[in-house]
Amino acid sequence: MLLSQALDARSDLTDLNRQHPDLAARFVQLRDQLDQPAGTFDSADGSEDIDALAARQDHAVRDRHRLARDFAQILADIRALAGFDSFALPPTPGELLAEADQGPIVVFNVSRYRSDALLLTQSGITHVELPQLTVAALTEQVDAFHRALRTATSGPDKTERRQAQAVMAQVLQWLWDAAGPVLDALGHHRQSSADADWPRVWWAPGGLLGLLPLHAAGYHTDPVDDPGRRTVMDRVISSYTPTVRALRHARQHASVPDKPAQGLVVAMPTTPGLPDQGCLPHVSSEVSKLHQHLPKLTLLLEPDSSDDGALVSSAHTPTKDNVLDHLPSCSIAHFACHGASHPTDPSKSWLLLHDHASDPLTVASLAQVRLDQAELAYLSACRTAAIDTADLIDEAIHLTSAFQLAGFPHVVGTLWEIDDQIAVTIADAFYTHLCTPTGALDTSRAAWALHQAVREVRDGHDLPGRLDRTHIPFLWAAYLHAGA
């Protein structure tokens with residue numbers, strides 16, 4: 001509901017600004033006020049009594065309701081104008097179906113009664129019943145996958161880690177058996193790596209299914225040359241969207257770049273306040289690769305500690321304010337840092353920057369940013385597309401969707417903790433594939449570029465030691481593309 005409200009409030013204001021600038025200014029003022037997160041009310045030192053706190057809460061609630069009424073009235077005034085009757089209204093069913101012109105959109109509905117995939121295609125809406133995708137089976141598989149993930153990444157025993165990796169692979173096989181009929185219904189079969197025009201599919205999983213990597217479902221141990229290889233990654237290029245309207249919003253902001261990409265790189269090789277300074281030893285290598293791919297680059301780099309342990313902040317330090325100042329003027333934003341999913345409020349999920357303890361860059365922080373130049377956000381951080389709270393599992397409020405809503409048509413995010421060294425490999429391959437034959441970066445290729453990069457890591461192409469990673473999905477399956 002909040003996502004739909006925000007999409008309504010961020011409609012195109014070009015015509016209104018030109019014809020009725022006063023109304024447009026008032027609309028923006030009210031919208032931005034409603035965009036701000038509600039305040040919290042407590043008395044940290046216990047000096048304020050209950051009655052005073054209650055009075056402040058009551059005043060804030062009344063003020064919020066007044067803003068909502070004023071916003072509704074300004075919308076009514078705008079829609080009463082000639083040519084603005086549909087201003088900030090939801091798109092019609094026909095307009096939503098038009099979003100399937102670049103590839104089908106698959107919306108899953110999993111319930112205790114039955115489970116289906118709704119298929120939005122150019123020819124209309126159909127559905128595929130998914131009898132194996134029961135709530136009980138899905139709950140069991142999600143639990144097994146995430147228990148195995150914890151063991152595979154941090155288990156003390158090598159044998160246990162290998163067993164956990166096998167469990168993750170088994171869950172991906174189950175996911176193929178349960179949801180794979182969707183691709184059969186759409187007529188998507190094994191693609192050749194040499195094919196230039198792979199089909200695309202947009203997934204809107206919702207609920208518990210959003211905790212599993214649909215894009216990585218399959219039997220990855222099938223022979224590489226098997227023409228019927230049963231994996232999503234060998235049949236389609238996957239993208240995600242929280243809703244069909246969010247995809248429409250992303251495409252309205254997407255454009256083919258007509259000038260060299262202006263990059264913002266936010267790099268945190270260490271993070272104040274974390275154990276062992278949250279050391280990410282390969283971030284410097286990632287920055288070096290980005291310098292090769294992004295000729296116009298602004299770098300915000302965490303400074304080294306001084307001798308007394310104090311950290312000095314400057315205009316080039318990756319603080320929340322510095323990042324928000326640079327975001328509106330950049331087309332590509334790349335974050336190489338730690339990320340965290342808030343356990344009870346997804347809007348408080350955050351990227352861990354220099355000042356994360358005092359002023360964190362949260363999902364809610366992005367509401368105030370207007371990004372006219374935005375094309376691509378690459379979140380090379382852990383858990384930027386994850387939600388951990390069972391009560392909020394149906395929500396789509398995480399860092400990846402927040403960057404998409406803020407104005408980035410393409411966002412690369414992660415479902416769980418990523419390997420620091422593999423992150424460098426995937427980022428390098430991603431930007432290599434993003435590059436056109438003329439040498440320019442084309443962000444409209446983002447989904448394809450990530451698809452290629454992840455498949456290369458899975459298959460061990462050009463990697464040190466030629467390690468077979470098909471049995472280790474936690475290394476490569478976390479990465480996903482969201483948006484246009």
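Given the structure is predicted, the values throughout are model-derived calculations rather than measurements. Position 1 is the first residue of the sequence, and the numbers go up from there.
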Are the side chains of Gln292 and Tyr431 in touch, meaning some heavy atoms are under 4.5 Å apart?
-> no

Arg26/Asp22 ion pair, N-O < 4.0 Å = no

Any chance CG of Asp276 has more than 12 other-residue heavy atoms, nucleotides or ligands included, within less than 6.0 Å?
-> no

Could you tell me whether the side chain of Leu172 reaches within less than 4.5 Å of the side chain of Phe145, counting heavy atoms only?
-> yes

Give a yes or no on whether the ring-centroid distance for Phe27 and Phe87 is below 6.0 angstrom.
-> yes

Are Ser239 and His481 close enough that a side-chain donor and a side-chain acceptor fall under 3.5 Å?
-> yes

Partners meeting ring-ring contact (aromatic ring centres under 6.0 Å, His included) with Phe335 (sequence neighbours left out) = Phe403

Side chains of Thr362 and Ser365, donor plus acceptor under 3.5 Å | yes

Partners passing side chain to side chain donor-acceptor pair (under 3.5 Å) against Asn109 (at least two apart in sequence or in another chain) | none

Candidates Leu208, Leu118, Leu209 - the one meeting side-chain contact (heavy atoms from CB on, under 4.5 Å) with Phe108 | Leu209

May I ask you to check whether Asp442 and Ser444 show a side-chain donor-acceptor distance below 3.5 Å?
-> yes

Determine whether the aromatic ring centres of Tyr240 and His215 lie less than 6.0 Å apart.
-> yes

